[in-house]
Amino acid sequence: MLQVAFIRQQTELVKERLAVKNFKELQLVDEIISLDDERKKLQLEWENTQSKLNASAKEIGALKAKGQNDEAETKKQEVATLKSSLQPIADRLAAVEQQLNDTIVRLPNLPSAKVPKGKTPEDNVTVREGGKKPSLHNGAVPHWDLAKKYNLIDFELGNKITGSGFPVYIGKGAKLQRALIQYFLDYNTAAGYLEVMPPHMVNEASAFGTGQLPDKEGQMYFVTEDKFYMIPTAEVPVTNIYRDELIKETDLPVKMTAYTPCFRREAGSYGKDVRGLNRLHQFDKVEIVQLVHPDKSYEVLEEMVNHVEKLLQSLNLPYRILNLCGGDMGFASAQTYDFEVFSAAQEKWLEVSSVSNFEAYQTNRLKARFKDSNGKNQMLHSLNGSSLALPRILACLLENNQAETGIQLPAVLHSYVGYTSIS
RNA sequence: GGAAGGUUAGCAUAACUGGUAAUGCAGCAGUCUUGAAAACUGCCGUACGUGUAACAGCGUUUGCAGGUUCGAAUCCUGCACCUUCCGCCA
């Protein structure tokens, strides 16, 4: 969430930037400031009263120590009236704080200056493209047909066991999935990311910390008995490693990578978009997360984009990088680059990675801070990206590399999968 | 799931017949020294809010949340976590 002090200092800038994100309720900004004014006033009132109470309690203690019990009793009477005035103030203070908090979490993050204006995906700006779209043979088919033909993935079986969107990977399909995970993790750790294996369920505080709550409650599977959320991305547990932590500046940057399955309810999705591997309720993803010095976060964002780009290049997949417009960005993000790969048989672009700088939006909720060289505590900046999401990569690998004779895999994967082609 | 004991500052320990958190180590500054260590002297305890140009100051903070009380580390209730034991178990 945004910091109140910042909203107070840069009120006009905040409104201007929120407008770029197509945020409509700009009056909330002024509401926050007046609520904060009210909070300060009440807090001062409460503190002054409390201070008097403390002093009186001390006096009573001193009087009793001297054996002046009558005077102590008189003093007690005085204190009783003072105390009765404290409770209403405390109640009002708590109410105002609650209201302030509820209001401020409704503000999305401010888009950075580099974010293009716009409302829909059509307004996203293509930064660059790479790789070459393959020309497929005449009988080329989408990946769901290939998966069936070569017995790599069984979608119907997943329907039976769980429901739609929970495919079963089989044989070479399963091996390929595992190999990709391994390859991605190796690639990330070689670039200095520490591998972690986090829990696949998180508590409410963690879901709130990275901004999934209260915004995207309906997107997550919820285990009612224990009040746990199935993670929609490794970003949630991994970033929460640093919740309520105060680290040294010399420990920066923090770089972590994790493989986890991701669970998404995807309520409301239907039709061609959800065919095959395009959109699943459970899928595998390797994530990269960084916590960095505020001065470095945009530099690091570019570094992460280059990191993901090279990974896609190594797989010989045609890709493009989009700078998302204000209206298409996530709630918590300050700037996001999406990576899309071209699915040659479906003839459409599929999102396989989303790399974002959250600046201090998540870390302010998480209270993830570092002590700077002046001894001041500052919020870290958090960033994350997929490196990479598996299903659509798998779909494109199958579709783009198909030939009459079978599917030829890119060279980097050969040692990981233990075979070179599927036929 | 059940029982007992525990949780105090970066670490370690006190206060627990209720009176406003004591001490050691660490840290910072200095004396001494060619330099360092040791010794000695002084300072500082965390975090949040408020406040300030920056300090200072003020309020809160003994795992968390409540309660009793003029006053709670201390008494009461609930919860979390740690240790040990029992039960269950890959």
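The basis for the numbers below is simple: all heavy atoms, side chains too, and nothing from hydrogens, waters or symmetry mates. Each chain gets a letter, A, B and so on, in the order the sequences are listed, and its residues count up from 1.
- Applying side chain to side chain contact (heavy atoms under 4.5 Å, CB included) to I231(A) and the options T210(A), V238(A), T260(A) leaves one that passes, T260(A).
- A cation-pi contact links R365(A) to F208(A), judged by a cut-off of 6.0 Å to the six-membered ring centre and 45° from its axis.
- What separates CZ of R243(A) from P of C64(B) is a distance of 16 Å, to the nearest Å.
- Contact check, K40(A) against C58(B): no side-chain N or O comes under 4.0 Å of OP1 or OP2.
- R369(A) has no side-chain polar atom (N or O) that falls below the 4.0 Å cut-off from OP1 or OP2 of A47(B).
- Both distances falling under 3.5 Å, in either a Watson-Crick or a G-U wobble arrangement, occur for no nucleotide opposite U20(B).
- Rounded to whole Å, the C1' atom of C11(B) lies 13 Å from the corresponding atom of G45(B).
- Neither OP1 nor OP2 of G19(B) sits under 4.0 Å from any side-chain N or O of N54(A).
- In this structure, the nucleotide among C55(B), C70(B), G59(B) sitting nearest to the side chain of V79(A) is C70(B).
- Comparing U50(B), C48(B), G49(B) by their closest approach to the side chain of L44(A) singles out U50(B).
- For U52(B), there is no paired nucleotide, since no Watson-Crick or G-U wobble pair has both relevant distances below 3.5 Å.
- Between K58(A) atom NZ and G59(B) atom C1' there is a gap of 13 Å when expressed in whole angstrom units.
- For I60(A), whose side chain is taken as the heavy atoms from C-beta onward, the closest listed nucleotide among G19(B), G49(B), A47(B) is G19(B).
- Among the protein residues, L53(A) comes within range of no part of the nucleic acid, since none of its heavy atoms lies under 4.0 Å from any strand.
- One atom, CD of Q68(A), and another, C1' of C70(B), lie 16 Å apart when rounded to the nearest Å.
- Judged purely by atom type and a 3.5 angstrom limit, N109(A) has no side-chain atom pairing as donor or acceptor with the backbone of Y361(A).
- Atom CG in L86(A) sits about 13 Å away from atom C1' in C70(B), given to the nearest Å.
- Considering only side-chain atoms of K371(A), the nucleotide from C55(B), U60(B), A47(B) that sits closest is A47(B).
- Going from the C1' atom of C82(B) to that of C32(B) covers 47 Å, rounded to whole Å.
- Within the structure, a side-chain polar atom (N or O) of K83(A) is placed less than 4.0 Å from OP1 or OP2 of G71(B).
- Base pairing annotation: C81(B) forms a Watson-Crick or G-U wobble pair with G6(B), both donor-acceptor distances under 3.5 Å.
- Nearest-nucleotide positions on RNA chain B place D36(A) closer to the 5' end than the other of D36(A) and K76(A).
- Heavy atoms of K376(A) sit under 4.0 angstrom from primed sugar atoms or phosphate atoms, though from no base atom.
- Per the geometry, CZ belonging to F370(A) stands 14 Å off P belonging to A47(B), to the nearest Å.
- When the side-chain nitrogen and oxygen atoms of Q50(A) are compared with OP1 and OP2 of U60(B), one or more of them lie within a distance under 4.0 Å.
- Summarising the geometry, the separation between CG on D244(A) and P on G63(B) is reported as 16 Å, rounded to the nearest angstrom.
- Between the CG atom of N48(A) and the P atom of U60(B) there is a distance of 11 Å, given to the nearest Å.
- Spacing between atom CG of L100(A) and atom P of G49(B) amounts to 12 Å, rounded to whole angstrom units.
- With a cut-off of 3.5 Å on both pairing distances, A36(B) has no Watson-Crick or G-U wobble partner at all.
- In terms of position along RNA chain B, the nucleotide closest to A57(A) lies nearer the 5' end than the nucleotide closest to the other residue of the pair Q43(A) and A57(A).
- With a cut-off of 3.5 Å on both Watson-Crick or G-U wobble distances, the partner of G66(B) is given as C76(B).
- Of the side-chain N and O atoms in S51(A), none sit less than 4.0 angstrom from OP1 or OP2 of C58(B).
- Base pairing analysis places A47(B) opposite U60(B); the two distances defining the Watson-Crick or G-U wobble pair are each below 3.5 Å.
- A cation-pi arrangement is absent between K216(A) and F331(A), since the terminal nitrogen or guanidinium carbon is not both under 6.0 Å from the aromatic centre and inside a 45° cone about the axis.
- Among the nucleotides U60(B), C55(B), G51(B), the one closest to the side chain of W46(A) is U60(B).
- In this pair, F263(A) and Y221(A) present their aromatic rings perpendicular. The plane angle is above 60°, beyond the 30 to 60° band.
- Looking at heavy-atom distances under 4.0 Å, K75(A) makes no contact with the nucleic acid at all.
- A side-chain donor from one of Q177(A) and D284(A) sits under 3.5 Å from a side-chain acceptor of the other.
- Base pairing annotation: C28(B) forms a Watson-Crick or G-U wobble pair with G42(B), both donor-acceptor distances under 3.5 Å.
- Closest to the side chain of R39(A), out of G49(B), G19(B), C55(B), is G49(B).
- Side-chain polar atoms of E73(A) and Q77(A) form no donor-acceptor pair below 3.5 angstrom.
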